[in-house]
Structure formats: structure tokens, C-alpha cells
Amino acid sequence: MPTYEYEPCDGDCTVCGGLFSLNRPIDREPLEKCPLCKKDVRKVISSFNMPKASKPVSTSEAKSKGFTVLKKIGNGEYERQ
């Protein structure tokens, strides 16, 4: 379930702190009012988690995982490894 961040449309709020996060299903309608202070809110573009590779993947490891490994041999030409 994605996490959405919201902020009040006008000014800060001492009740909700001004910025809050909620886990909401994707198919739900956008939140329009703060559940605590009932002020109008808008969705904020927030960061997201993206996995990082801890080490480069070797050719043999990629092949063992089912990937096709290609090597560039010319201008727009590749061959299988």
C-alpha cells in the first residue's frame, strides 16, 4: 500500500503539524480534508525508495539469473556473451 504525504492548502496547523503521511490504497479517492483538523489538504510530491545494488553484477551472475548479456562490438551492433 503506497504512502502519500499531505499538507494544508493554506498555512500551518498546530493540530496535525502541517505535514502528515497516510497509507492509502491506490484505488481510493484523493484525500481532501485532514482527518485531524478538517482543513483542506493537497497531496505533496514525495521521495520514494529505490533499491540500490551493493556491487556490480558480473556477467556470469547475470546469465545464471536468466538475463541475456550483450557486448557492444560496433556502432549499434551487439553480440551475445
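Predicted, not measured: the structure shown is a model, and the values here were computed from it.
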Can you give the donor-acceptor pairs under 3.5 Å from side chains of residues 63-73 to other protein atoms, not counting sequence neighbours?
| residue | atom | partner | partner atom | Å |
| --- | --- | --- | --- | --- |
| K63 | NZ | Q81 | O | 2.7 |
| S64 | OG | E61 | O | 2.7 |

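- In this structure K38 satisfies the side-chain contact (heavy atoms from CB on, under 4.5 Å) test with no other residue, sequence neighbours excluded.
- Cluster partners of L19, by chain and number: V44. The rule joins Ile, Leu, Val, Met, Phe, Trp and Tyr whenever side-chain heavy atoms lie under 4.5 Å apart.
- A pairwise comparison of heavy atoms in N23 and T3 identifies OD1-OG1, 2.6 Å as the closest pair.
- Atom CD of E32 has 12 or fewer heavy atoms from other residues, nucleotides or ligands within 6.0 Å.
- Nearest heavy atom pair, residue K43 against residue Y4, reads CD-CD2, 3.5 Å.
- For residues 16-39, every residue pair satisfying the ring pair (Phe, Tyr, Trp, His ring centres under 6.0 Å) rule, not counting sequence neighbours, is listed here: Y6-F20.
- Closest approach of E5 to S21, counting heavy atoms only: CG-OG, 3.4 Å.
- For C37, the side-chain contact (heavy atoms from CB on, under 4.5 Å) partners are C13, V15, C16, C34, K39, not counting sequence neighbours.
- Shown here are the side-chain contact (heavy atoms from CB on, under 4.5 Å) partners of K33, two or more places apart in sequence or in another chain: D40.
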